[in-house]
There are 2 protein chains.
Amino acid sequence: MTSRPGGSYDGGMREPYPDGMPEPLDPHMFTDCPPVSPPIRLGGKWTAKIIRCLESGPRRFTELQIPLRGITPKVLTESLRAMERDGLLTRTAYDEIPPRVEYELTGLGRSLLEPMNAGCEWSRRHLPDLMRARDAWHAAIP
Amino acid sequence: MTSRPGGSYDGGMREPYPDGMPEPLDPHMFTDCPPVSPPIRLGGKWTAKIIRCLESGPRRFTELQIPLRGITPKVLTESLRAMERDGLLTRTAYDEIPPRVEYELTGLGRSLLEPMNAGCEWSRRHLPDLMRARDAWHAAIP
DNA sequence: CAGTATCCGCTTTGATACTG
DNA sequence: CAGTATCAAAGCGGATACTG
């Protein structure tokens, strides 16, 4: 029994990141709430996190990479493009050298914070229950 | 650009199902709300749907298979086991022949309906916006 | 800086067949 | 009925290298 539909897509999560680096964005993100069995997720693996990162204002590509802990440019690009396509954020490219691109939440994207917060609140309230359930399970079937 | 972080896990969704069959459970499920780019998902692919199926009372294994539209027994078992482990539902086996097993939401599982409904409400309210965004995108980059 | 372009691989899901 | 056992196929994200 290796499959965990409750929280498994994160299999390839990379932790190694050059620490000591500044984190311009608040790392307190939605998906950080539930350390066990993420109850609610949004779109792909990064969508919710990106929304949290943009909550307090527009950010640049590289700025997003920092709090997203080593997300590869390919995946970040894909995620941003998808969110742009869905009207969750806007992409503004400034014609400068070096290039500058800023991503900003749209009203639609921002409106997602509400249900996200509902999920977050659920996590806060029921995390102890989840932990207890997990413990009971492991105690019964070790 | 083939990957869509906003709505891709459902890639292998099978539609072919012997119709004419009765559907004992209400097919109006959370994940049915957003026809485009599912905004909020719960755990694995089936978790939210299973919760909806159990909303109005306990159901048997085979009963769940009907509204879940051809989910394979393997995957259904995995999902149910995971949810049982997380304390979202209980599994009760009756020692009869033929065997009977019933699955029922716990209070914890039922409490998830609240954030789920929040996501559902978001979908209802903003589906037009999503559609418009998608249309605009396709109009610009055909 | 802000990406593209390839290649890669585990995880998750599904198909099919078989039991207690 | 309620699963388990295998096998097979994507899915989705990641590593690495390379541009305008």
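Chain letters run A, B, ... following the sequence lines, proteins first, then strands; residues in each count from 1. Please read all numbers here as calculations on a predicted model, not as lab measurements.
- Rounded to whole Å, atom C1' of D:dG3 lies 16 Å from atom CD of B:E102.
- Taking atom CD on A:Q65 and atom P on C:dA2, their separation rounds to 9 Å, with Å as the unit.
- The minimum heavy-atom distance linking A:W46 with A:L68 is given by the pair CZ3-O, 3.4 Å.
- If you check C:dG3, D:dA2, D:dG20 against the side chain of B:R100, the one that comes closest is D:dA2.
- Atom CD1 of A:I50 and atom C1' of D:dG13 are 13 Å apart (whole Å).
- Between B:R132 and B:D129, at least one side-chain N (NZ, or NE/NH1/NH2) sits under 4.0 Å from a carboxylate O, which counts as a salt bridge.
- Rounding to whole angstrom units, OH of residue B:Y103 and P of D:dC1 are separated by 14 Å.
- Within the structure, every pair that satisfies the salt bridge (charged side-chain N to carboxylate O under 4.0 Å, His left out) test and touches residues 87-99 of chain B, not counting sequence neighbours, is listed here: B:E96-B:R100.
- At the phosphate of D:dC1, neither OP1 nor OP2 sits under 4.0 Å from any side-chain N or O atom of B:T62.
- For the atom pair CG of A:L113 and CZ of A:R52, the computed distance is 5.5 Å after rounding to the nearest 0.5 Å.
- Each of D:dA2, D:dG14, C:dA2 was ranked by its minimum atom distance to the side chain of A:V75; first place goes to D:dG14.
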Problem - Watson-Crick and G-U pairing of DNA chain D, under 3.5 Å, as dot-bracket with | and [ ] - result: ||||||||||||||||||||
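- Remark: B:P99 engages no residue in a side chain to side chain contact (heavy atoms under 4.5 Å, CB included) (not counting sequence neighbours).
- Note: B:L80 CG to B:R59 CZ = 14.0 Å, rounded to the nearest 0.5 Å.
- Rounded to an integer number of Å, the gap from A:E78 CD to C:dG3 P is 13 Å.
- Remark: B:E78 does not engage B:R81 in a salt bridge, criterion side-chain N to carboxylate O under 4.0 Å.
- In this structure, A:M83 CE and A:D86 CG are separated by 8.5 Å, a value rounded to the nearest 0.5 Å.
- A:R125 pairs by the side chain to side chain donor-acceptor pair (under 3.5 Å) definition with A:E121, not counting sequence neighbours.
- Contacts of residues 88-98 of chain B with DNA chain D (heavy atom under 4.0 Å): B:R91, B:P98.
- Checked by atom type and distance alone, the side chain of A:T106 pairs as donor or acceptor with a backbone atom of A:G87 at under 3.5 Å.
- When every heavy atom of B:S111 is checked against every heavy atom of B:L108, the shortest pair comes out as OG-O, 2.5 Å.
- Closest contact between the side chain of B:R60 and the listed nucleotides D:dA2, C:dT13, D:dT16 involves D:dA2.
- Atom CG in B:L80 sits roughly 13 Å away from atom P in C:dT13 (whole-Å rounding).
- Rounded to whole angstrom, the span from the CG atom of B:L68 across to the P atom of D:dG3 amounts to 14 Å.
- When all heavy atoms are compared, the tightest approach of B:I50 to B:L89 is CG2-CD2, 4.3 Å.
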Any protein N or O atoms within reach of nucleotides 4-7 of chain C? Criterion: under 3.5 Å, listing atom names and distances.
from, atom 1, to, atom 2, distance (Å)
C:dT4, OP1, A:R81, NH2, 2.7

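- To the nearest angstrom, C1' of C:dC1 lies 12 Å from CD of A:E63.
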